[in-house]
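First the structure, in the form of structure tokens, and then the observations on it.
Residue numbers start at 1 and run along the sequence shown. All heavy atoms count here, side chains included; hydrogens, waters and symmetry mates do not. Please read all numbers here as calculations on a predicted model, not as lab measurements.
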Amino acid sequence: MSPLIGVLALQGDVREHAEALAAAGADVLEVRRASELDRVDGLVIPGGESTTMSRLLGVFDLYDPLVARLRDGMPAYGSCAGMIMLASNILDTRADARHLDALDVTVRRNAFGRQVESFETDLEFTGITDLPDAAPMRAVFIRAPWVESVGDGVEILATVPSGPATGRVVAVRQGNVLATSFHPEVTGDHRVHGYFVDLVGTA
């Protein structure tokens with residue numbers, strides 16, 4: 001039986017994540033209400049604008065239910081703004097922005113610069129590209145954050161291999177919570193979504 005995975009559908013690249021999850025074998029539900037959140041086995045928080053997403057969680061009365069489900073162990077995956085939302089500490093954000101405190105990491109918002117400084121690179125991703133005959137992962141960064149520091153229990157899955165940001169952490173996992181700085185939903189490579197679907201299936 002396929003897991004039912006929600007995509008938080010308040011803002012951002014919802015359709016692309018939904019299509020990638022379906023291609024990876026999940027049933028998908030767009031989540032805008034607490035009753036929909038209650039139904040899902042895991043949740044994707046898409047890229048978009050993290051301060052807007054933070055405000056909309058309050059508008060839709062989803063912030064407290066989402067925090068509660070994460071504390072109860074619901075698997076979650078956040079890409080770009082989703083990584084920011086899941087973090088326990090955020091640098092360079094607005095004072096009134098709220099986050100979900102589901103990953104023991106410090107994240108720097110817009111760390112790679114504005115949209116004109118977006119870029120692509122090939123990454124090695126633990127648990128995916130280290131499998132037999134696996135190709136590197138093409139990663140697309142759009143006004144992306146990076147992880148400044150990680151706490152105990154956080155596994156670093158990918159870092160930038162070259163250029164001015166060499167060594168910066170761009171993918172992490174802590175228990176059932178996964179986050180990437182980049183946008184795998186836009187490349188046609190569904191391996192990160194498959195990794196998350198497997199994580200949900202075993203949670």
Side-chain angles (χ1 to χ4, degrees), residues 7-14 16-17 31 43-60 62-64 66-67 70-71 76-126 137-187 192 196:
V7 180
L8 186 64
L10 304 182
Q11 192 253 354
D13 45 353
V14 175
E16 293 86 348
H17 275 293
V31 172
L43 183 72
V44 171
I45 303 176
E49 210 291 314
S50 59
T51 55
T52 300
M53 206 176 298
S54 167
R55 180 178 61 81
L56 289 173
L57 282 172
V59 170
F60 283 81
L62 271 172
Y63 179 81
D64 289 335
L66 180 50
V67 168
L70 289 167
R71 287 178 178 166
Y77 164 48
S79 67
C80 198
M83 170 186 269
I84 296 168
M85 292 299 301
L86 289 168
S88 58
N89 188 37
I90 306 166
L91 305 177
D92 298 334
T93 194
R94 287 172 36 165
D96 61 345
R98 296 193 294 179
H99 51 92
L100 299 167
D101 200 21
L103 273 172
D104 187 11
V105 297
T106 296
V107 171
R108 184 172 298 278
R109 186 171 171 266
N110 291 340
F112 289 101
R114 306 300 294 177
Q115 191 138 2
V116 292
E117 295 170 282
S118 301
F119 71 102
E120 299 181 22
T121 190
D122 287 334
L123 297 175
E124 298 298 328
F125 192 112
T126 300
M137 179 171 293
R138 192 68 175 172
V140 176
F141 295 85
I142 305 170
R143 294 181 63 191
W146 65 45
V147 177
E148 290 266 335
S149 62
V150 303
D152 294 340
V154 178
E155 181 183 6
I156 294 171
L157 301 178
T159 60
V160 178
S162 61
T166 299
R168 290 295 185 180
V169 175
V170 293
V172 292
R173 175 180 174 181
Q174 183 176 13
N176 290 334
V177 181
L178 173 70
T180 63
S181 299
F182 54 92
H183 291 266
E185 72 280 5
V186 304
T187 64
V192 171
F196 182 62

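Looking only at side-chain heavy atoms (C-beta outward), Thr187 and Glu120 stay at 4.5 Å or farther from each other. Contact of the His99 side chain with the Val107 side chain is not registered, since no non-hydrogen atoms from C-beta on lie closer than 4.5 Å. A 4.5 Å side-chain heavy-atom check between Leu43 and Leu66 finds at least one atom pair inside the cut-off. Inter-residue side-chain proximity for Phe182 and Thr121 is flagged as unmet; no heavy-atom pair is nearer than 4.5 Å. Contact annotation: the side chain of Leu103 never approaches that of Val147 to less than 4.5 Å [non-hydrogen atoms, C-beta and beyond].
Of the possible polar contacts, none joining the Arg98 side chain to the Leu100 backbone as a donor-acceptor pair under 3.5 Å is found. In this structure a side-chain-to-backbone donor-acceptor pair under 3.5 Å is present from Ser181 to Pro145. Here the side chain of Ser88 pairs a donor or acceptor atom with the backbone of Val105 at under 3.5 angstrom. Checked by atom type and distance alone, the side chain of Gln174 pairs as donor or acceptor with a backbone atom of Asp104 at under 3.5 Å.
In this structure, the separation between CG on Leu178 and CE on Met83 is 8.5 Å, given to the nearest 0.5 Å. The distance from the CG atom of Leu91 to the CG atom of Asn110 is 12.0 Å, given to the nearest 0.5 Å. Within the model, atoms SG of Cys80 and CG of Asp13 stand 8.5 Å from one another, a figure rounded to the nearest 0.5 Å. Note: Ile90 CD1 to Met85 CE = 7.0 Å, rounded to the nearest 0.5 Å. The line from OG1 of Thr126 to CZ of Arg173 is 11.5 Å long, rounded to the nearest 0.5 Å.
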Apply side chain to side chain contact (heavy atoms under 4.5 Å, CB included) to the pair Met53 and Ile84, showing each step before the final yes or no. CA-CA 10 Å; Met53 206 176 298; Ile84 296 168; over 6 Å; no
Tell me, with the steps shown, if Val59 and Leu10 meet side chain to side chain contact (heavy atoms under 4.5 Å, CB included). CA-CA 10 Å; Val59 170; Leu10 304 182; over 6 Å; no
Show me the side-chain donor-acceptor pairs of residues 44-51 shorter than 3.5 Å, one per line, residues at least two apart or across chains.
{"residue": "Glu49", "atom": "OE1", "partner": "Thr51", "partner atom": "N", "Å": "3.1"}
{"residue": "Glu49", "atom": "OE1", "partner": "Thr51", "partner atom": "OG1", "Å": "2.4"}
{"residue": "Glu49", "atom": "OE1", "partner": "Thr52", "partner atom": "N", "Å": "2.8"}
{"residue": "Glu49", "atom": "OE1", "partner": "Thr52", "partner atom": "OG1", "Å": "3.0"}
{"residue": "Glu49", "atom": "OE2", "partner": "Thr51", "partner atom": "OG1", "Å": "3.1"}
{"residue": "Glu49", "atom": "OE2", "partner": "Arg109", "partner atom": "NH2", "Å": "2.3"}
{"residue": "Ser50", "atom": "OG", "partner": "Arg109", "partner atom": "NE", "Å": "3.2"}

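The two atoms that bring Thr180 and Phe125 nearest to each other are CG2-CE1, 4.1 Å, heavy atoms only. Shortest non-hydrogen contact noted between His183 and Ser79 is ND1-OG, 4.5 Å. Between Leu123 and Val160, the shortest heavy-atom distance links the atoms CD2-CA, 4.1 Å.
Using cut-offs of 30° and 60° for the angle between ring planes, the Tyr77 and Phe196 rings count as tilted.
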